[in-house]
Undergrad: 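Take this structure, written in structure tokens, and hold onto it; I'll ask about it next.
We name chains A, B, ... by the order of the sequence lines, and we start the count at 1 in each one.
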Amino acid sequence: MALKGNLHDFSITQLLNLIHLARKTGTLAIDGKHSAARASFREGKLVFAQTDTLDSRLIGMLVKVGKITVDQSKKIPANKTDRDLANMLVQAGLLTKTELEQMVRNNVKDVVDRLFALNDGLFRFEPNVLPEDRLWAEPPINLDGIIMEGTRRLKESEKLQEEIPNLEVTLRFTDRPDAKLRNVNLSVDEWRVVSYINPKNTVRQIAQANSMSDLQIRKIVYAMLQAGLVEVIQPLGMPAPVAVPGGRAAPPKAFASTEEKRSVVNKLINFFNR
Amino acid sequence: MQTVKMVVTGPFAAGKTEFIRTISEIDVVSTERKISSDAERIKDATTVAMDFGRITVDEELVLYLFGTPGQKRFDFMWEILSEGMLGFIVIVDSSRPETFREARGILDTFRGYAETPYVIAANKQDSEDAWSPDDLRIALKISKDIKVLPCVANDKDLVKGVLLELLYSILETMDLEGAG
């Protein structure tokens with residue numbers, strides 16, 4: 001089952017978060033207005049990315065880091081896959097394995113950084129499709145750090161307002177076993193917020209305690225939500241509408257007792273199980 | 001004769017009317033009108049007030065299903081429909097991610113009306129483009145204690161399954177409240 005949609009409705013941050021939390025394996029293809037990109041994931045971690053605005057072939061990376069010149073790159077046979085070429089260079093001692101891994105990781109991260117700038121375009125996630133002939137980031141790159149970093153750059157305050165409309169909510173840390181704060185690169189401000197996260201403190205109170213603007217606190221909370229580190233606790237009855245003066249009286253209580261309610265529910269269950 | 005009520009809500013064209021029609025013993029009383037807005041022209045007519053379905057359990061008990069109007073401009077109806085409900089179902093068209101944000105908003109609004117158990121029905125699972133219930137859970141930020149169930153609104157067994165899971169959730173909530 002492919003995931004399809006438009007980045008206008010489901011942002012790149014939300015997509016990466018979904019891939020991360022569902023530990024998906026496959027390739028995400030984005031067809032934006034001005035550029036196209038692909039990113040591949042293994043069990044929710046990033047292994048490969050390319051965009052038509054950045055040369056992600058090994059030759060392009062070697063030129064970029066100054067290992068070879070453009071003229072030299074033209075002499076490399078075009079039919080060589082990245083994996084073949086990498087093996088050849090490492091065996092010839094022209095490139096160390098560590099240099100190669102670092103180069104690939106940096107390139108993949110550069111591409112994904114550019115993805116965050118896309119806010120419109122069709123996307124499609126093809127499960128279990130991976131680019132076997134390309135060089136993968138080894139070890140695979142954890143997405144929570146990338147999501148945090150990408151979201152830091154998110155400048156769309158309106159969107160943040162839409163995502164977190166109410167600052168009177170409280171936060172708690174998720175109980176996912178793989179959500180470990182010590183593995184995430186948090187800024188000083190983010191750590192200050194972390195120290196106040198408690199079901200008794202609303203997001204607004206945390207902002208006031210740290211002298212942060214609404215936008216600043218929204219950015220930090222949104223990044224943590226997207227990285228799956230915290231979750232929102234809605235205060236009970238919070239969005240209830242204001243009563244209309246002279247409006248309707250409270251509805252009658254549906255059941256005289258809990259036992260009566262339980263009996264009705266059991267009766268319905270038996271009915272639907274027939 | 002005792003009557004109880006469940007509410008079926010969700011974004012425009014999510015499949016609420018079909019859901020009620022599939023399980024109701026009477027022809028669904030539906031106040032549909034021709035669509036006036038181009039943006040909402042996914043179907044020819046939409047529910048402007050409410051759908052109303054009935055299931056007679058026995059001589060003493062009747063279950064009513066109320067479907068909310070899907071269009072935002074009729075949301076003033078939602079609170080009225082939610083009064084006294086046993087629980088509610090949020091129906092989401094799993095193949096239209098552009099409606100997920102709205103679905104989340106509707107869910108938050110209904111949670112505000114009453115502290116009532118609810119489930120999410122991931123509708124149109126027979127569509128090639130449908131997001132799986134697990135993916136939908138993440139996309140809508142639904143906590144793991146809330147059920148996100150596969151659904152095809154015209155499949156009676158799946159619709160029954162959604163109603164049953166809501167009933168089990170109601171019992172579980174009562175047990176928790178009793179223990180507390």
Side-chain angles (χ1 to χ4, degrees), chain A residues 1-10 14-15 17-22 24 123-125 127 162-163 165-166 174-176 225-226 228 231-241 244 247-248 250-255 258-274, chain B residues 2-6 23 55-58 60-61 63 76 78-80 82-87 94-101 105 108-115 125 127-132 134-139 141 143-144 159-161 163-164 166-168 170-171 174-175 177-178:
Chain A
M1 199 181 278
L3 293 176
K4 284 162 61 177
N6 193 310
L7 290 179
H8 183 260
D9 307 310
F10 204 72
Q14 289 173 305
L15 265 175
N17 183 45
L18 173 62
I19 291 164
H20 167 58
L21 293 180
K24 286 187 178 293
F123 68 79
R124 183 182 180 91
F125 184 85
E162 206 176 310
E163 293 289 345
N166 186 357
T174 54
D175 51 6
R176 280 192 305 113
L225 286 169
Q226 291 302 318
E231 55 193 15
V232 168
I233 311 170
Q234 298 280 352
L236 287 178
M238 177 266 297
V244 180
R248 287 162 285 114
K253 251 194 145 182
F255 300 100
T258 309
E259 287 320 305
E260 186 193 338
K261 184 175 177 182
R262 190 182 295 277
S263 159
V264 165
V265 173
N266 278 323
K267 209 182 252 190
L268 286 166
I269 288 172
N270 290 335
F271 174 79
F272 284 119
N273 268 326
R274 260 189 246 152
Chain B
Q2 184 163 21
T3 60
V4 288
K5 175 167 88 172
M6 287 182 183
I23 198 80
I55 299 163
T56 304
V57 175
D58 58 26
E60 295 170 352
L61 180 61
L63 170 66
F76 63 90
W78 296 354
E79 193 193 359
I80 301 166
S82 69
E83 281 178 0
M85 63 185 169
L86 199 57
S94 315
S95 65
R96 292 178 58 218
E98 64 270 30
T99 65
F100 292 173
R101 192 172 293 152
D108 288 341
T109 304
F110 268 83
R111 285 180 64 196
Y113 292 147
E115 204 181 338
Q125 286 294 306
S127 161
E128 193 190 328
D129 293 339
W131 292 37
S132 71
D134 286 345
D135 289 343
L136 207 59
R137 176 186 296 283
I138 296 171
K141 299 187 180 80
S143 65
K144 62 186 174 196
V159 169
K160 262 175 143 181
L163 289 169
L164 268 170
L166 175 57
L167 289 162
Y168 292 136
I170 294 166
L171 277 188
M174 290 176 73
D175 288 343
E177 285 169 357

Undergrad: Please flag which part of B:T56 lies under 4.5 Å from any non-hydrogen atom of chain A: side chain, backbone, both or neither.
TA: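 For B:T56, the backbone is the part near chain A, not the side chain.
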Undergrad: Using 30° and 60° as the class limits, which term best fits the ring planes of A:F123 and A:F10: parallel, tilted or perpendicular?
TA: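 Tilted.
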Undergrad: Answer with side chain, backbone, both or neither: which region of A:K261 has an atom nearer than 4.5 Å to a non-hydrogen atom of chain B?
TA: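 Both backbone and side chain.
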Undergrad: Heavy atoms only, distances under 4.5 angstrom: which of B:I170, B:I23, B:D58 has the most pairs with chain A? Name it, please.
TA: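 Between B:I170, B:I23, B:D58, the count favours B:D58.
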Undergrad: Pick whichever of A:Q14, A:R262, A:K24 has the most heavy-atom pairs under 4.5 Å with chain B.
TA: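 The residue among A:Q14, A:R262, A:K24 with the greatest pair count is A:R262.
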Undergrad: Return the option, out of A:N266, A:I19, A:V265, with the maximum number of heavy-atom pairs under 4.5 Å with chain B.
TA: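 Heavy-atom pair counts peak at A:V265.
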Undergrad: Within the structure provided, determine whether A:N6 and B:E98 are in side-chain contact (heavy-atom separation under 4.5 Å).
TA: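 Side chain of A:N6 against side chain of B:E98, heavy atoms only: no contact under 4.5 Å found.
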Undergrad: What residue in A:N17, A:T258, A:L18, A:L225 has the most heavy-atom pairs under 4.5 Å with chain B?
TA: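 Going by pairs under 4.5 Å, I would pick A:L18.
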Undergrad: What's the verdict on side-chain hydrogen bond (donor to acceptor under 3.5 Å, both in side chains) for A:Q226 and A:E163, showing C-alpha distance, side-chain angles and the deciding distance?
TA: CA-CA 11 Å; A:Q226 291 302 318; A:E163 293 289 345; 4.9 Å; no
Undergrad: Any salt bridge linking A:E231 with B:K141? Criterion: basic side-chain nitrogen under 4.0 Å from a carboxylate oxygen.
TA: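 No salt bridge links A:E231 with B:K141.
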Undergrad: Do the side chains of A:R124 and B:D129 get close enough for a salt bridge, i.e. N-O under 4.0 angstrom?
TA: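 A salt bridge is absent here (no side-chain N lies under 4.0 Å from a carboxylate O).
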Undergrad: Using side-chain heavy atoms (C-beta onward) and a distance below 4.5 Å, is A:L268 in contact with B:L61?
TA: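 Side-chain contact under 4.5 Å: yes.
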Undergrad: What part of A:F272 gets closer than 4.5 Å to chain B, counting heavy atoms only: side chain, backbone, both or neither?
TA: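 The answer is both parts of A:F272.
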